[in-house]
Amino acid sequence: MKTKIYSLAFALLALCAGCDDFLDTESLEKKTTDIFPKTQTDAEQMITGIYSSLLYVYTEPEQAPFFIFELAGDDRVGGGSTSNKGAQSLDRLYNNGTSWMTQLWLSYYSGIYRANTAITTMDNVTEWSDPNAKNEYLAEAYFLRAHFYYELALVFGQVPLVTTTMAVNLPKASADEIYAQIADDLVQAIKLFPNKKYGQVAEGHVSKWAAEALLARVFLFYTGYYKKTDLPTLSANVTKADIQKYLEDCINNSGHGLLPDQRSLWPYTNKYTAATYQYCIDNNTPEWVGEKGSTGNEEYLFVVKFSNTSGYYTNYYSQNGSKNFYANRMQEFFGPRKVTGNTYPFMAQGYTNGMVCSSLWYDWLNDPDYAGDYRREGSICNKDTELPNHKGDPNKEVEDTRFIAKKMIGIYANVDGSDVNYSFMYGGQNDSQLGNNQDVIVIRFADVLLMHSEITGTADGMNKVRARAGLPAITYSLEALKKERRFELCFEALRWNDLRRWGDVEEIVKNQTGIYIKNRNIDAKYEFHPDGGFMERYKATGGFFKIPESQVTLSNGVLEQNPGWEDKWNWLKLPYSTL
């Protein structure tokens with residue numbers, strides 16, 4: 001059957017939203033699967049189009065899985081102002097609107113459609129300048145489809161499983177069916193990818209090693225959360241022994257490794273910022289890895305890349321009109337507000353979402369296994385000591401813990417006495433929104449080492465990560481592994497799903513309830529709403545969010561809403577707010 005590349009009328013969920021622009025470099029109004037793709041260049045453009053679907057959700061950060069997972073865990077609180085209901089809803093497992101997260105749904109199903117198209121039509125190509133390119137492009141399509149489905153499954157639980165370009169109206173698939181497809185796609189990707197080592201893979205593209213690492217992450221969540229022994233595929237199960245082999249292949253053969261100092265990963269150590277940032281001066285921090293260009297970061301396995309030339313567009317996915325496209329708006333959302341006092345080097349054009357839960361700071365500070373760990377102050381800014389003159393916007397700010405995260409935030413550089421967006425010094429824009437293009441790390445090598453320790457029950461990988469932080473080796477235990485993941489990987493969107501798979505979600509209530517906050521400049525203590533409590537909501541929903549109601553309606557009853565989302569769990573206001 002001939003399929004138009006630019007348009008496909010899915011009856012279900014507007015699944016093809018954005019299919020008309022899945023090649024961003026060329027108009028495809030007259031292209032169909034009868035004539036496209038034909039050349040290797042066509043195939044490459046198809047794969048580029050799949051990657052672009054990773055970016056659309058960041059125009060609405062509160063719907064981006066990274067932001068969702070960060071706010072849902074215990075190491076950030078909602079923060080922001082009384083108008084930032086999205087962040088506060090994620091923090092409390094509430095629903096922020098009838099069709100909240102529509103942008104996530106449409107963006108990711110667009111990516112799935114594009115991946116399905118690439119997988120289905122790759123054999124159309126008759127001109128290959130590189131005979132190995134076909135398998136590599138197919139592997140990328142399988143990997144990205146698996147990634148989209150995995151993050152949809154983490155956010156919504158059971159979702160429709162679409163593996164065709166045909167117009168379909170499907171109910172939710174079971175968790176077993178979804179994870180079998182995810183695992184099968186990743187196993188296919190591992191088989192198809194060439195054994196290109198780090199440095200040989202194009203910047204921003206995934207590899208065999210990323211597929212092995214993502215399969216391990218999927219295995220750990222599925223077997224932990226669903227209480228299973230193995231991970232199903234469409235043919236044979238993936239066992240723990242299989243995962244150990246995949247991780248050891250990645251560790252031993254990928255060419256990836258740990259950077260000498262973890263702080264090199266974060267842009268505040270770039271030379272234009274570090275020269276005038278007192279923390280970097282006092283601690284002689286190493287050079288930001290971004291100074292070395294695309295081949296300088298051996299720790300990255302999979303990151304989402306953003307553009308230096310982002311602009312404002314009215315796009316297919318936006319629910320609110322014109323949005324900044326191909327920029328990382330999360331840096332803006334996590335940044336401090338600018339009213340009074342210096343915030344250098346953190347860009348004070350933000351919304352103070354996701355203030356750091358003070359329990360993380362004090363748990364880290366008081367743990368004898370982490371005495372002298374530079375990662376604490378390298379990851380968290382204590383405003384009282386680092387930014388004592390910054391008072392923020394006390395008339396608006398809520399849930400101000402006085403701690404902000406340093407890993408994902410807008411960064412200034414001081415150039416000739418003026419503060420500019422640091423990315424401007426690397427060819428970006430001096431703009432508090434369009435100039436934010438920090439990579440979103442999905443998988444890095446430290447996580448691979450920690451997953452290997454967890455899978456094998458041995459301390460080797462964990463102690464390599466600790467050694468990088470200047471800490472002595474310790475004996476393996478699951479509790480030690482949990483602490484190391486919390487501290488090494490904080491603010492990288494992993495904690496929420498770690499807690500879920502370990503059955504430790506009550507840590508959220510324990511770590512957040514009663515911590516000191518300022519709420520519109522009034523001293524207060526953090527509270528959950530007194531409507532039965534966070535854990536009641538978690539038990540009713542399984543930690544999965546409400547499917548956008550518009551998508552349920554479009555399916556004419558085929559798609560069922562997730563359980564536990566009664567109207568009483570729609571957002572009202574903070575328990576200590578008068579607004």
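Every value quoted in this text rests on a predicted model; they were computed, and no experiment measured them.
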Who pairs with [X] by side chain to side chain contact (heavy atoms under 4.5 Å, CB included), at least two apart in sequence or on another chain?
| X | value |
| --- | --- |
| Pro232 | Ala180, Tyr222, Asn237 |
| Ala87 | Phe67, Leu71, Asn353 |
| Ala43 | Met122, Val125, Trp128, Tyr137 |
| Pro194 | Glu136, Lys196 |

How close do [X] and [Y] get, heavy atom to heavy atom, and via which atoms?
| X | Y | value |
| --- | --- | --- |
| Phe528 | Val509 | CE1-CA, 3.8 Å |
| Ala446 | Arg468 | CB-NH2, 4.0 Å |
| Phe219 | Asp230 | CE1-CA, 4.2 Å |
| Gln512 | Cys357 | CG-SG, 4.0 Å |
| Asn169 | Ser555 | ND2-O, 3.2 Å |
| Asn95 | Trp100 | OD1-CE3, 3.8 Å |

Give a yes or no answer on whether the side chain of [X] reaches the backbone of [Y] with a donor-acceptor pair at less than 3.5 Å.
| X | Y | result |
| --- | --- | --- |
| Asn562 | Phe545 | yes |
| Thr117 | Tyr113 | yes |
| Lys197 | Asn253 | yes |
| Gln40 | Asp130 | yes |
| Arg466 | Asp369 | yes |
| Gln63 | Gln103 | yes |
| Arg485 | Leu450 | no |
| Asn463 | Ile474 | yes |
| Gln262 | Glu488 | yes |
| Asp447 | Ile443 | no |

Quiz item: Taking it one step at a time, do Tyr198 and Phe445 satisfy ring pair (Phe, Tyr, Trp, His ring centres under 6.0 Å)?
Solution: CA-CA 11 Å; Tyr198 157 74; Phe445 193 72; over 10 Å; no
Find the distance between [atom1] ([X]) and [atom2] ([Y]) and round it off to the nearest 0.5 Å.
| X | Y | atom1 | atom2 | answer |
| --- | --- | --- | --- | --- |
| Phe491 | Met408 | CZ | CE | 12.0 Å |
| Lys568 | Tyr94 | NZ | OH | 8.5 Å |
| Leu54 | Lys305 | CG | NZ | 13.0 Å |
| Trp496 | Ile68 | CH2 | CD1 | 11.0 Å |
| Glu140 | Met46 | CD | CE | 12.5 Å |
| Leu192 | Lys208 | CG | NZ | 11.5 Å |

Quiz item: Under the criterion ring pair (Phe, Tyr, Trp, His ring centres under 6.0 Å), which of Tyr58, Tyr56, Tyr326, Tyr51 is the partner of Phe306?
Solution: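 When ring pair (Phe, Tyr, Trp, His ring centres under 6.0 Å) is applied between Phe306 and each of Tyr58, Tyr56, Tyr326, Tyr51, only Tyr58 qualifies.
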Quiz prompt | Salt-bridge criterion met for Lys245 and Asp249 (N-O under 4.0 Å) | solution =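 Asp249 and Lys245: not salt-bridged.
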Quiz item: Does Arg501 come within less than 4.0 Å of Glu454, counting only side-chain N to carboxylate O?
Solution: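 Looking at Glu454 together with Arg501, the answer is yes, because their closest N to O distance falls below 4.0 Å.
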Quiz item: Mind checking whether Tyr109 and Trp105 have parallel, tilted or perpendicular rings, split at 30° and 60°?
Solution: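 If you compare the ring of Tyr109 with that of Trp105, the planes turn out tilted.
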Quiz prompt | Leu265/Tyr300 under side chain to side chain contact (heavy atoms under 4.5 Å, CB included): CA gap, chis, key distance, verdict | solution = CA-CA 9 Å; Leu265 290 164; Tyr300 284 178; 3.7 Å; yes
Self-check item: Lys172/Glu560 under salt bridge (Lys or Arg N to Asp or Glu O under 4.0 Å): CA gap, chis, key distance, verdict
Solution: CA-CA 7 Å; Lys172 294 190 289 190; Glu560 296 181 1; 5.6 Å; no
Quiz prompt | Within 45° cone of Phe69 ring axis and under 6.0 Å: Arg500 NZ or CZ | solution =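 Cation-pi check for Arg500 and Phe69: fails.
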Exercise. Answer yes or no on whether Arg76 is positioned over the face of Phe334, meaning its NZ or CZ is under 6.0 Å from the six-membered ring centre and within 45° of the axis.
Key: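 Positive - Arg76 is close enough to the ring of Phe334 and near enough to its axis.
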Other residues, nucleotides and ligands only: do more than 12 of their heavy atoms fall within 6.0 Å of [atom1] on [X]?
| X | atom1 | value |
| --- | --- | --- |
| Gln561 | CD | yes |
| Lys240 | NZ | no |
| Gln200 | CD | yes |

Report yes if the side chains of [X] and [Y] come closer than 4.5 Å at any heavy-atom pair, otherwise no.
| X | Y | result |
| --- | --- | --- |
| Phe148 | Ile50 | yes |
| Phe534 | Val505 | yes |
| Leu55 | Val304 | yes |
| Arg537 | Arg92 | yes |
| Cys490 | Lys407 | yes |
| Asp42 | Thr39 | yes |
| Leu144 | Arg114 | no |
| Thr98 | Ser550 | no |

Quiz item: Looking at residues at least two apart in the chain, or sitting in another chain, which of them share a salt bridge (Lys or Arg N to Asp or Glu O under 4.0 Å) with Arg145?
Solution: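 Partners of Arg145 by the salt bridge (Lys or Arg N to Asp or Glu O under 4.0 Å) criterion, ordered by chain and then number, come out as Asp185.
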Exercise. Please test Ser207 against Leu301 for side chain to side chain contact (heavy atoms under 4.5 Å, CB included), starting from the C-alpha separation and ending with a verdict.
Key: CA-CA 8 Å; Ser207 65; Leu301 277 80; 5.8 Å; no
Exercise. Kindly indicate, with the supporting measurements, whether the criterion side chain to side chain contact (heavy atoms under 4.5 Å, CB included) is fulfilled by His256 and Glu299.
Key: CA-CA 6 Å; His256 286 282; Glu299 193 154 342; over 6 Å; no
Quiz item: Is the closest side-chain donor-acceptor distance between Gln181 and Thr163 under 3.5 Å?
Solution: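 Side-chain D/A pair, Gln181 to Thr163: absent.
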Quiz item: Are the aromatic rings of Phe143 and Phe302 close, with centres under 6.0 Å apart?
Solution: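 Ring centres of Phe302 and Phe143 closer than 6.0 Å.
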Quiz item: Checking side chain to side chain contact (heavy atoms under 4.5 Å, CB included) for the pair Gln188/Leu138: CA distance, chi angles, key distance, verdict?
Solution: CA-CA 9 Å; Gln188 289 291 335; Leu138 277 172; over 6 Å; no
Show which side-chain atoms of residues 150-162 pair as donor or acceptor with protein atoms under 3.5 Å away, not counting sequence neighbours.
residue : atom : partner : partner atom : Å
Glu151  : OE1  : Tyr108  : OH           : 2.6
Gln158  : NE2  : Ala173  : O            : 3.2

